[in-house]
Amino acid sequence: MSTLPAPQLSDHQTRLLDWLITDKPHVFLTGRAGTGKTTLMREFLRRSGNRAAVIAPTGVAAMQVGGQTIHSFFHFPPRLVEARDIRKVRHRRVIQALETLVIDEISMVRADMMWAIDKALRLNREIDEPFGGVQMVLVGDLAQLPPVIQGAEAEYLESKHGGPFFFHPPPFRDAGFTLVELEQVFRQTDEYFINILNAVRDGDLNSDEAADLNDRVTGRSGLEASLSHIVLTSTNEAAFRINQARLQGLATPERAYEAKVEGQFDQRLFPAEEPLMLKIGARVMLTRNDPQGRWVNGTLGEIEGFEDKGARVRIDDQSYLVEPAKWERNAYAFDAAAQALTKTTAGSFTQLPLRLAWAMTIHKAQGLTLDKVYLDLARRLFAHGQAYVALSRARSLEGLELSRPLTPSDIISDPRIFDVRSYCDPAPASVS
């Protein structure tokens, strides 16, 4: 199968990459939305070869980066991790062969899990050094996706590990992490809009910036706005309702596409609908990069026909046949002959890489760049970082529309995220 060409990196990204590979520092790689964290991480993994592995806190995130979940890699239980849960694993030769471990979406990793990763690496590698001597590369933005912490867990994490975030437990500070922040925003070009987004990210929106955002309020409903904009909502139910209303409103031929599921693949992780119901004229989003470069994850199109091999989609003024794609759930194994890591496939899901795209949740829009965004604020935003994630999907202020004025209570930001700087070393001048 063909692969995507190597990405074009900025001079700063190129210097960072060379430093990461040559000096092998422990790094927390962060940056605002649209600064190229994922691009840099993928290229780093590509160049790091078969001694590097990538893991993530959720099944969806792990699948997107072609890695494994933290829980399955270390055999952690689906709850707070304690000392009794740290044990030698059957595949410890995989862990012993590691030189570099990348953790994506690190902002979602709780303090107990980061503490446990350090302990598990020391135990399974039989090396009593921070993280068992493995280079750790942590990627994510603390302003976007917070760790899921329920009830009394917050008090436990505070007393046991010094706080809820991945940088709170002592092993993080003992290892000597360097904070590297990507600053060049590629998604937006309007400096004023970038400044507004930064203010939302920091929870420090002034009255003029708030007024300019709220000038984007219209009297339209989400259903009405979905004709011209992508509607971002805080709940799956609201997005589903708009998509189904628009689909049912099309008096055109309909077709159901059945997915093919092999091996172990949890239904909750299905990356596309099963079955996928499409109609001619339906607005869809491509959910996988095309190996030939004709579209990327997030490209919008319209269904214009059905064929045995797939669906025909019009993108701008071109028509393409979109065929099924395969998503794999991977696990790492050890190749004794090559003395290297290999990936094995635990299960796969094959379906057209398409999603109805009149509306979607803020969470599913993570990482996307959209020309026209309507933020549905019918319900109060309920999580740290949701307003920032939603607003920063828009390419420009002109392409943004709000259902109602944003209020201070919508912009939820945990000030403790900024403490990470006091737990890290600054980046060397050569790569800053």
With a 4.0 Å cut-off on N to O distance, would you call [X] and [Y] a salt bridge?
{"X": "Lys37", "Y": "Glu105", "value": "no"}
{"X": "Glu262", "Y": "Arg329", "value": "no"}
{"X": "Asp190", "Y": "Arg395", "value": "no"}

Please report the C-alpha distance between Tyr374 and Ser403 in whole Å, then the side-chain angles of each, then the deciding distance to 0.1 Å, and finally whether the side chain to side chain contact (heavy atoms under 4.5 Å, CB included) criterion is met.
-> CA-CA 7 Å; Tyr374 175 97; Ser403 66; 3.0 Å; yes
Going by heavy atoms in the side chains, are [X] and [Y] under 4.5 Å from each other?
{"X": "Leu375", "Y": "Glu401", "value": "no"}
{"X": "Met136", "Y": "Phe177", "value": "yes"}
{"X": "Thr100", "Y": "Phe44", "value": "yes"}
{"X": "Val185", "Y": "Arg32", "value": "yes"}

Any cation-pi pair here, Arg288 with Trp327, using under 6.0 Å and within 45°?
->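 Satisfied, under 6.0 Å and within 45°.
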Is Arg93 positioned over the aromatic face of Phe334, cation under 6.0 angstrom from the ring centre and no more than 45 degrees off axis?
->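 No - Arg93 does not lie over the ring of Phe334 by the 6.0 Å and 45° rule.
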Ring center gap for Phe167 and Phe28 short of 6.0 angstrom =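 For Phe167 and Phe28, the ring centres are not under 6.0 Å apart.
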Ring centre gap for Phe172 and Phe166 strictly below 6.0 Å |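 For Phe172 and Phe166, the ring centres are under 6.0 Å apart.
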Determine the minimum heavy-atom distance between Pro271 and Arg355, stating which atoms define it.
->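 Reported closest heavy-atom pair: O-NH2, 4.5 Å.
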Please report the closest heavy-atom contact between Leu300 and Met285, naming both atoms and the distance.
->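 So the two residues come closest at CD2-CE, 3.7 Å.
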Verdict with supporting geometry, Leu402 and Leu391, side chain to side chain contact (heavy atoms under 4.5 Å, CB included) = CA-CA 10 Å; Leu402 306 179; Leu391 294 169; 4.1 Å; yes
Go through the side-chain N and O atoms of Asp410 and Thr407 and say whether any donor and acceptor fall under 3.5 Å apart.
->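 Note: Asp410 and Thr407 side chains meet the donor-acceptor criterion.
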Decide yes or no on side chain to side chain contact (heavy atoms under 4.5 Å, CB included) for Phe74 and Val89, but give the supporting numbers first.
-> CA-CA 7 Å; Phe74 290 108; Val89 295; 5.7 Å; no
Would Leu138 and Val27 count as a side chain to side chain contact (heavy atoms under 4.5 Å, CB included) if you check the C-alpha gap in whole Å, the side-chain angles of each, and the deciding distance to 0.1 Å?
-> CA-CA 6 Å; Leu138 316 179; Val27 166; over 6 Å; no
